[in-house]
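All values below come from the heavy atoms of this structure, side chains included, with hydrogens, waters and symmetry mates left out. Note that ligands are numbered from 1 as they come in the structure, with each ligand's atoms numbered from 1 the same way. Since the structure is predicted, the reported quantities are computational estimates derived from the model, not experimental observations.
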Amino acid sequence: MERTFVMVKPDGVERRLVGEIIRRFENRGLRLVGLKLLQPGRALAEKHYAVHREKPFFQELVDFITGGPVVAMVWEGNQAILLVRNMMGALKPENAQPGTIRGDYTTDIQTNLVHGSDAPETAQSEIALWFKPEELL
Ligand code: GDP
C-alpha cells in the first residue's frame with residue numbers, strides 16, 4: 001500500500017471540479033485517508049514548490065497556489081503514486097491525454113487543476129508538510 005499527496009489547485013476549486021476529481025480517484029478504487037479545504041500561505045506554498053525556487057515561473061506559481069482555497073488530500077492504494085500521476089495527465093498540455101484530468105479539463109501549463117506527488121520520497125515529505133499525523137485515518 002502506498003500513500004500519495006494530492007491537491008485540487010485553486011483553479012479546480014473555482015471551476016467546481018472538486019467532486020469530479022474526487023469521483024475519479026474513488027471510482028478507480030483508491031481510498032481517501034485525509035482531506036481538508038484551506039488557503040495556503042506563502043510559506044507553505046514556497047516549501048511545497050521549493051524544488052522550483054530557481055525557475056522563472058516560481059513567483060507566479062506561488063501567487064497562483066496561494067490565490068484561493070485548495071483541497072488537500074491523501075489517497076492510499078496499490079501503486080497510488082503512479083496511478084494518480086497517470087490519472088492527472090502530463091504537465092505539457094499537448095501531452096496530456098484525453099481521459100486524464102488535465103487532458104479533459106485544461107489547456108494551460110500552470111492552471112492545471114491538480115497536483116500529485118511524483119515519487120515515494122516526495123509523497124512522504126508532502127504528506128508531512130500538509131497534514132498532521134492525527135488528520136490521517
Ligand atoms: P507536475 O508535477 O506535473 O505538477 O509538474 P512540476 O512539478 O514540474 O510543476 C509544478 C507546477 O508548476 C505545475 O503543475 C504547474 O502548475 C507549474 N509549472 C510547471 N512548469 C511551468 C511553466 O513552464 N510555466 C508556468 N507558468 N507554470 C509551470
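Remark: minimum distance from atom 5 (O) of ligand 1 to any protein heavy atom is reached at Leu91 CD1, 3.7 Å. Remark: minimum distance from atom 20 (N) of ligand 1 to any protein heavy atom is reached at Phe57 CZ, 3.4 Å. With respect to atom 15 (C) of ligand 1, the closest heavy atom belonging to the protein is Ile109 O, 3.2 Å.
Considering all non-hydrogen atoms of both residues, Ala123 and Ile81 come closest at CB-CD1, 3.9 Å.
The part of Leu61 lying near ligand 1 is the side chain, judged by heavy-atom distances below 4.0 Å.
Both the sub-6.0 Å distance and the 45° axial angle are satisfied by Lys36 relative to the ring of Phe131.
A salt bridge links Asp104 with Arg24: the closest approach of a Lys/Arg side-chain nitrogen to an acidic carboxylate oxygen falls below 4.0 angstrom. Under a 4.0 Å N-O distance rule, the pair Glu20/Arg23 qualifies as a salt bridge.
In the candidate list Lys92, Arg85, Gln110, Arg85 is nearest to atom 1 (P) of ligand 1, counting heavy atoms. In this comparison of Lys55, Arg102, His48, His115, the heavy atom closest to atom 4 (O) of ligand 1 sits on Arg102. The heavy atom nearest to atom 11 (C) of ligand 1, out of those in Phe58, Phe64, Tyr49, is found in Tyr49.
Distances below 4.0 Å separate heavy atoms of Asn112 from the following atoms of ligand 1: 13 (C), 14 (O), 15 (C), 16 (O). Of all atoms in ligand 1, numbered sequentially from 1 with element shown, those under 4.0 Å from a heavy atom of His52 are 6 (P), 7 (O), 8 (O), 9 (O), 10 (C).
Side chain of Gln124 to backbone of Glu121: no donor-acceptor contact under 3.5 angstrom is found. No side-chain donor-acceptor contact under 3.5 Å links Ser117 to the backbone of Ala119. Side-chain atoms of Glu76 do not come within 3.5 Å of backbone N or O of Arg31 as any donor-acceptor pair.
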